[in-house]
Colleague: 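Supplied in C-alpha cells, the structure appears directly below.
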Amino acid sequence: MSALVLIGPMGAGKTSVGRKLAKRLGLSFTDTDAEIVREHGPIAQIFATHGEPHFRELERQAVCAALSGGGVVALGGGAVTHPDIRDALAAHRVVLLTVEPETIAARLRAASRPVTSRPLLHGDDALARWQEIYQARREMYEAAADATFDTSHGPIQDIVDAVAQWAVDTEPPEEQQV
Ligand SMILES: Nc1ncnc2c1ncn2[C@@H]1O[C@H](COP(=O)(O)OP(=O)(O)O)[C@@H](O)[C@H]1O
Ligand SMILES: O=C(O)C1=C[C@@H](OP(=O)(O)O)[C@@H](O)[C@H](O)C1
Ligand SMILES: [Mg+2]
C-alpha cells in the first residue's frame with residue numbers, strides 16, 4: 001500500500017497540512033515525530049541525551065513503520081538525510097512542502113513548541129540556522145519529491161485543497177475505488 005508522504009524543511013507545514021489532508025481524503029494520519037515522542041519521549045531530550053545519530057535511527061524505524069501503514073505520513077524535516085529513508089520513499093507518493101525564509105521567520109516566532117521539537121534551531125539566530133539546514137538538504141528534498149507546493153502565502157486550507165487535488169489526479173490505478 002503506498003503512502004502519501006509529506007517532506008520538507010522545519011515549519012513548512014508537514015504536520016499541520018498532513019493532519020488536515022488525511023481528514024479531507026478520509027485516510028489515516030501518522031506524524032513520525034509524534035510516534036517517536038510517544039515511544040521515546042521529547043525530541044530535544046533524545047538529542048541531548050543520546051545525540052542526533054541516535055534520533056536519526058529512531059526516525060528511520062518510525063518512518064519505515066509509518067510508510068508500511070499507508071495513509072498520509074508527515075516526516076520530520078531531517079528524515080531525508082537518511083539513505084534508507086530516501087530509498088524507501090521511492091515506493092511512495094512524495095509531496096515536498098516549501099516555505100520562504102520571510103514566512104518562516106514569523107512562524108518560528110509564533111511557534112509554541114520549537115524548543116521541545118526542534119532542537120536544531122535552539123540558540124541565537126534560529127532563522128540563519130534554518131536557512132543553512134534547508135540549503136544543505138534542498139537537493140535531497142527535490143530528488144525525493146513527486147510534487148512541490150509552497151506554503152508561504154495564503155491560508156493553510158488552500159494548500160490542503162491543492163495537495164488533495166493532486167493526490168486524486170495522480171492516484172495509481174490499482175488504488176482507485178472500483
Ligand atoms: N499556508 C500554511 N501552510 C502550512 N502551515 C501554515 C500555513 N499558514 C500558517 N501555517 C502554520 O505554520 C506552522 C507549520 O508548522 P508544522 O505544521 O509543525 O510544520 P512542520 O511539521 O513542517 O515542521 C503551523 O503552526 C501552521 O499553523
Ligand atoms: O529538520 C530536522 O532535522 C528536524 C525536524 C523536526 O520536525 P519538523 O520538520 O516537523 O519540525 C524534528 O524531526 C527534529 O527536530 C529534527
Ligand atoms: Mg512536523
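Atoms within each ligand, like the ligands themselves, are counted from 1 in listed order.
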Colleague: Kindly say whether Asp84 contributes a backbone atom to a donor-acceptor pair with the side chain of His82 at under 3.5 angstrom?
Modeller: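 Yes: the side chain of His82 pairs with the backbone of Asp84.
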
Colleague: Have a look at His153, Met10, Arg107, Arg118 and point out the one with the heavy atom closest to atom 8 (N) of ligand 1.
Modeller: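 Looking at heavy atoms only, Arg107 sits closest to atom 8 (N) of ligand 1.
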
Colleague: If you count the atoms of ligand 1 from 1 in the order shown, which ones are under 4.0 Å from a heavy atom of Pro155?
Modeller: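 Ligand 1 atoms under the 4.0 Å threshold to Pro155: 1 (N).
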
Colleague: With atoms numbered from 1 as shown, which atoms in ligand 2 lie under 4.0 angstrom from a non-hydrogen atom of Asp33?
Modeller: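 Ligand 2 atoms under the 4.0 Å threshold to Asp33: 6 (C), 7 (O), 8 (P), 10 (O), 12 (C), 13 (O).
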
Colleague: Any atoms of ligand 2 less than 4.0 Å from a non-hydrogen atom of Lys14? List them with their elements.
Modeller: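 Selected atoms, number and element: 8 (P), 9 (O), 10 (O).
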
Colleague: Which atoms of ligand 1 sit under 4.0 Å from any heavy atom of Ala12?
Modeller: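 Listed by number with element, the hits are 4 (C), 19 (O), 22 (O).
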
Colleague: Should Arg56 be listed as contacting ligand 2, given a heavy-atom distance under 4.0 Å as the test?
Modeller: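 Contact present.
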
Colleague: Distance under 4.0 Å to a non-hydrogen atom of Leu120: what atoms of ligand 2 satisfy this?
Modeller: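 So the answer, numbered in order with elements, is 2 (C), 3 (O).
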
Colleague: Only heavy atoms of Ser16, strictly under 4.0 Å: list the atoms of ligand 1 that pass.
Modeller: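 Counting from 1, the qualifying ligand atoms are 14 (C), 15 (O), 16 (P), 17 (O), 24 (C), 26 (C).
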
Colleague: Would you name the heavy atoms of Thr81 and Arg137 that are closest together and state the gap between them?
Modeller: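 The answer is CG2-NE, 3.7 Å.
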
Colleague: Evaluating non-hydrogen atoms only, which member of Gly77, Gly154, Pro9, Gly11 is closest to atom 14 (C) of ligand 1?
Modeller: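 Selected option, by shortest heavy-atom distance: Gly11.
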
Colleague: Below 2.8 Å, can you find an N, O or S atom of Ser16 next to the Mg ion (ligand 3)?
Modeller: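 Looking at Ser16, which is the residue asked about, there is no N, O or S atom under 2.8 Å from the Mg ion (ligand 3).
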
Colleague: Below the 3.5 angstrom mark, is there an N/O of Ile159, backbone or side chain, next to an N/O of ligand 1?
Modeller: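 Looking only at distances, the answer is no, because the N/O contact criterion of under 3.5 Å is not met.
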
Colleague: State the atoms of ligand 2, each with its element, that fall below the 4.0 Å cut-off from a heavy-atom position in Pro119.
Modeller: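 Near Pro119, meaning under 4.0 Å from one of its heavy atoms, ligand 2 has 15 (O).
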
Colleague: Should the heavy atoms of other residues, nucleotides or ligands under 6.0 Å from CD of Glu139 be counted, would the total exceed 12?
Modeller: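 For Glu139, atom CD is not crowded (no more than 12 foreign heavy atoms under 6.0 Å).
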
Colleague: Using modelled atom types and a 3.5 Å cut-off, is there a donor and acceptor pairing between side-chain atoms of Lys14 and backbone atoms of Gly8?
Modeller: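 Indeed, once roles are kept as given, a pair shorter than 3.5 Å links the two residues.
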
Colleague: At less than 4.0 angstrom from any non-hydrogen atom of Arg118, what atoms of ligand 2 do you find?
Modeller: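 By the 4.0 Å cutoff, the relevant atoms are 11 (O), 15 (O).
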
Colleague: Is Arg138 close enough and on-axis enough to Tyr134, meaning under 6.0 Å and within 45°, for cation-pi?
Modeller: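 Flagged: Arg138 positioned over aromatic ring of Tyr134.
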
Colleague: Between Glu132 and Arg129 (salt bridge meaning N to carboxylate O under 4.0 Å), is one present in this structure?
Modeller: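 Here Glu132 does not pair with Arg129 in a salt bridge, since their nearest N and O are not under 4.0 Å apart.
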
Colleague: For Gly11, does its backbone N or O pair with a side-chain atom of Arg107 as donor and acceptor, under 3.5 Å?
Modeller: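 Checking the backbone N and O of Gly11 against the side chain of Arg107, a donor-acceptor pair under 3.5 Å is found.
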
Colleague: Heavy-atom contacts with Thr151 under 4.0 Å: which atoms of ligand 1 show up? List them by number with element.
Modeller: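 In order of numbering, the contacting atoms are 1 (N), 2 (C), 3 (N), 4 (C).
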
Colleague: Could you measure the distance from the CG atom of Leu96 to the OH atom of Tyr141? Nearest 0.5 Å is fine.
Modeller: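 If we round to the nearest 0.5 Å, Leu96:CG and Tyr141:OH are 8.0 Å apart.
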
Colleague: Using a 4.0 Å cut-off to any heavy atom of Val17, which atoms of ligand 1 qualify?
Modeller: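 With Val17 as reference, the close atoms of ligand 1 come out as 4 (C).
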
Colleague: Is a donor on one side and an acceptor on the other found under 3.5 Å between the side chain of Thr170 and the backbone of Trp166?
Modeller: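 Indeed, once roles are kept as given, a pair shorter than 3.5 Å links the two residues.
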
Colleague: Hey, is ligand 2 close enough to Gly78 that some N/O pair sits below 3.5 Å?
Modeller: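 The answer is yes, given that Gly78 and ligand 2 share an N or O pair closer than 3.5 Å.
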
Colleague: List every atom of ligand 2 that sits less than 4.0 Å from any heavy atom of Ser117, numbering the atoms from 1 in the order shown and giving each element.
Modeller: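 Selected atoms, number and element: 6 (C), 12 (C), 14 (C), 15 (O).
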
Colleague: How long is the gap from CZ on Arg19 to CG on Asp31, to the nearest 0.5 Å?
Modeller: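 Result: 7.0 Å between the selected atoms.
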
Colleague: Are any side-chain N or O atoms of Thr151 and backbone N or O atoms of Thr98, one a donor and one an acceptor, separated by less than 3.5 Å?
Modeller: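 Yes; judged by distance alone, with no hydrogens or angles, the pair exists.
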
Colleague: With a 4.0 Å cut-off on heavy atoms, is Glu52 in contact with ligand 2?
Modeller: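 Under 4.0 Å: no for Glu52.
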
